[in-house]
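First up is the structure itself, then whatever we jot down about it.
Whatever order the structure lists them in is the order used to number ligands and atoms, beginning at 1. Side chains included, hydrogens not; waters and symmetry mates left out as well; all remaining heavy atoms used.
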Amino acid sequence: MSILINEQQQSFHLTNGSISYQFSVEKDTFLIHNYWGKAIQDNEGISDYPRHDRSHSTNPFNVEAREYSLNDLPQEFPTNGYGDFRETALEHRYPDGSFITQLKYDGYEVYEGKKALEGLPHTYVNKEDEAETLEIYLIDMLYDVIYTLTYTIFQNYDVITRHVRVKNNGNQSVEINKVLSMSLDFDYSQFDLIQLPGSWGRERSIVRTPITQGLHRIDSKRGTVGHEYQPFFALTDPTTTEHHGDIYGFHLVYSGEFMANIELGEFGLLRAQLGINSEHFNWELSPGETFQTPEAVLTYSSKGLNGLSQIKHRFYQNHLIRGKHQYEERPVVLNNWEGTYFNFTEEKIDEMTDEAAKLGVELFVLDDGWFGERNTDTTSLGDWFVNRDKLPSSLKTLAENIKAKGLKFGLWFEPEMISKQSQLYKQHPDWLLKAKDRKESAGRDQYILDYSQPAVRKNIVKQLKNILDNVPIDYIKWDYNRNMTEIGSQSADIRDGEVSHRVVLGLYEILEELTSSYPNILWESCSGGGGRYDPGMLYYMPQTWTSDNTDAVSRLGIQTGTSLIFPVSSMASHVSDVPNHQLNRTTSLKIRGDVAMSGNLGYELDVTTISDEEKAIMKEQISFYKEHRSLIQYGNFYRIINFYEASCNEAAWLFVNDNQSEGLFYYFKVLDRTNPMLKRVKLVGLNPQALYRINQTDEVRYGDELMNKGIFVENKQYYDEISDQDLHGDFRSLRIKLTQVK
Ligand code: GLA
């Protein structure tokens, strides 16, 4: 791997032998993007982009050639004011009120490894030789402000990370209105856009559309990421499929308001940008201060959507997720939320945990409703002490009793929130996040704590530590259940335009402190389900509650979309009761189990009221899962049938371990039809030479046979004995275990 630099041409070529990324300096000033994709040998790295004298184009200052216009050049970090009329990567307000910025190239530095970002989550190296970093320096031509564009290329992953630092070396403050983490221009236009839109309860569907001329934006203005859009998009060749073709992925390691711009300009250049949303952003950079953007992760694959997923799963697993649980098998959970909601007693918990232990569950999670006076969602957020009316014998005793049954103990918190009906609000009404002199809006009857204020952060850390130091807690579900409105701070020290980002920085500070102080705890992030499922949270918490929607069919879509960019080990996935509480659908325990065990398996129902027959099925699911969870959580995951491409009526998933000796295949069918066509499915990722046994049967098949000839899912010998269910009827699933015998 190396970063090749041609000093004479002022060109840069980042390559690891598998991918190449090239840009160069022109007119001693501008950074021009030249190439990104499969590795090429071109060492010159200079632009071959033809220059034309276009009607109505402007040549920038100090350039006389009429055919040289920033508006039709592929750029690397565009600014405004000098004739590029597309989206900028940077916008300032200078002390004189001007917003025109021209940056000039001012040198570079290369070093082995990758430096940490300060106070922001980031991908990391374990050893210096795993990556190489290039820093490009740009200077503002009028003010003493320096910009550092940082690029890191990884040795074993087709990944480049980028972020930007802005330093004010002058003696006057400068306001930053916008500074994105990355921008680049592709010099061709034939792309589809893939994004993951959704809503509460239907997060991350895969939507693919051709890109037409104009600006396409994916963003959040909610103070958080939200269920609606993911800080991710991909650009693909129109011919790209699940397993073949070019795909470029862009993902922001950030948990706040983000902005992705995809702009196809008049001359067929495609601009791709990602960073903090500029909408609510206005940062004062005082003399001597530095502002650092979050990190963007850029991924390239020539192997289609699955290829992109493979890279992202491994990369996040090995270079983003941290801590004790990074590679540890995740426990089977029973969460009481859908089983009891707020309506539980100590006796009920005792009965539920007795039953859970018998079924093989390993961890019990006490969800919302255990603290303050919380019997509905209108009260007590901020009062993180146990409700003794509900749990008279103390949280510690409750936890100890549960642990005595052989279960681990987990607890729900929502530490970024405050209820008006709380002791905390009575004492500190000024800790509620809202712009000065504005009225505040409620969401789920709750408000957000202003984490930009240090005193607020200190109080919450103290309250949480008080519990964590006294109660034997193995797991925490960290929830966040509303969006920010009236964004601003009641503190005179904090400028409103900085609050949205400062609150996220405050959250990261708390998460760093708590996760490093309690390394044995398994942290799960949640935001009304998957409203804040992003790489930033994954850096602190290795798993996320994927969605509040636990319906098996809905989950086929949600988990498919999630699997495009996040590793399976990060997806918490529960079996719940029927009719399903979110959409009233009744499905079998078999399909609910098969869907849920394609992530980190848990149950979320009242196990004291289920039938013996259901208990037997659950027991089998749990024991099968325990036997196969390392393959599921940490194996290679393939989408064999993409739910969205199959009209949301079918899905097929395959897990294969690293040495290809084991595979686990799931086929799901939503609605049946009369006299259906038969379904042959071709597998991938197996060893073509190996001979695999199918389930416990005597049937053996070669890997090449399974991959090229495929299997008919209707074959009776593939059905497992426990559920004895074939594919006839709605909401059916099939599970096939492949074990190498030779
Ligand atoms: C959110 C979570 C749920 C549950 C409730 C409790 O909606 O996503 O899983 O914890 O809060 O109030």
query: Is the cationic atom of Arg532 (NZ for Lys, CZ for Arg) positioned less than 6.0 Å from the six-membered ring centroid of Tyr480 and within 45 degrees of its normal?
result: yes
field: Lys420 to Tyr447, cation-pi by 6.0 Å centre distance and 45° axis angle
entry: yes
task: Write down, by chain and number, every protein residue that brings a non-hydrogen atom to less than 4.0 Å from an atom of ligand 1.
output: Trp337, Asp367, Asp368, Trp412, Arg444, Lys477, Asp479, Asn481, Cys526, Gly528, Gly529, Trp545, Asp548
- request: List for me each residue that meets side-chain hydrogen bond (donor to acceptor under 3.5 Å, both in side chains) alongside Thr224, sequence neighbours excluded, and say none if there are none.
  value: none
Salt bridge (Lys or Arg N to Asp or Glu O under 4.0 Å) pairs, two or more places apart, involving residues 551-570: Asp551-Arg585
message: Quick check on the 6.0 Å ring-centre criterion: do His251 and Tyr316 meet it?
response: yes
query: Can you pull the salt bridge (Lys or Arg N to Asp or Glu O under 4.0 Å) pairs that have at least one residue in residues 328-346, sequence neighbours excluded?
result: Lys324-Glu328, Glu329-Arg629
